[in-house]
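Heads up, the thing below is written out as structure tokens.
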Amino acid sequence: MPRLQDKIVMVTGAASGLGAAFSRAAAEAGAAVVLADIDAHAGQALCEALAAAGADTLFLHLDVARETAWQEAMAEVERRHGRLDVLVNNAGIALRGSIADCSLADWQRTLDVNLTGVFLGCRAALPLMREGGGSIINVSSIYGLVGGDQVAAYCAAKGGVTLLTRSAALHGAKCSPPVRVNSIHPGFVETPMVLRSIGALDAGAAAAARARIEGITPLGRLATPDDIVGAFLLLASDEARYITGAQFTVDGGLTAQ
Ligand code: NAI
């Protein structure tokens, strides 16, 4: 039987990068997939492509930083499916800036999307997991475990996600049936987010940035989105029934050093 057969899986930030890979993998694994994103054009296109391949899909326009948007999205999921089994809080933004030069606006926007968005998502999902239990997967980062000097706000938000996940896991463990809550911590993944930041550099600097990442990564390359999918599939499936409050680092060995 496919690993996620009959599960209702919702992915935020589903229109691009990791979220698109998780959505595709969930559909291939037999789940009904709810794709949520602020990018309606790309999100709807992926939703239709997965439906054309036979999956049960729904696209929802959702800004994860807005509380009312979550209420509306969850009401729609409840109307359509009556419950939610898996929520992947994946939507995120990366605004560069060190502690010395990060603007207050960038700091607040980063916390709004990357941390408050995860808080709102976890809180909104719990009522829909009351009857059947569930799995919440929060996409943090290696920068939720270690510091990066040029991404102060991003580190603060992703570090917040790491411990919010543990707190939520302790709550979820008391639910009956339990709601498991875990975080995934990717290293550098070739998605539009990373390619944008490398691409913003001139050709020489971009090549140097890529070579630097490859050089510091023990497995010697950037990840592809599909390299992160295995952790998602495990945590979403019933094989992970005893895993909660855990941090899954998927970084090619970067933070093992
Ligand atoms: P991406 O930029 O390719 O995709 C992010 C998606 O989130 C986009 O579709 C975007 O429209 C959506 N989004 C942005 N703000 C949103 C909002 N307020 N509400 C709803 N959707 C919103 O980025 P990528 O790389 O796929 O990132 C996905 C997650 O993985 C993020 O949380 C990111 O921080 C995390 N991550 C990425 C790494 C990487 O190297 N690419 C490494 C570690 C973590």
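Each ligand, and each atom within it, is numbered from 1 in the order the structure gives.
Put simply, the residue from E72, Q71, R66 that forms a side chain to side chain donor-acceptor pair (under 3.5 Å) with T68 is R66.
The side chain to side chain donor-acceptor pair (under 3.5 Å) search around T165 returns N138, not counting sequence neighbours.
Around ligand 1, the residues contributing at least one heavy atom under 4.0 Å from the ligand are G13, A15, S16, G17, L18, D37, I38, D39, L62, D63, V64, N90, A91, G92, I93, R109, V113, V139, S140, S141, Y154, K158, P186, G187, F188, V189, T191, P192, M193, V194, R196.
At distances below 3.5 Å, not a single donor-acceptor pair connects side-chain atoms of T110 with backbone N or O atoms of Y154.
Residue pairs satisfying the ring-ring contact (aromatic ring centres under 6.0 Å, His included) criterion with at least one member in residues 19-65, sequence neighbours excluded, are listed as follows: F22-F232. For residues 233-254, the pairs satisfying salt bridge (Lys or Arg N to Asp or Glu O under 4.0 Å) are R3-E239, K7-D238, with sequence neighbours left out.
Residues A65 and R109 approach most closely at CB-NH1, 4.1 Å, considering heavy atoms.
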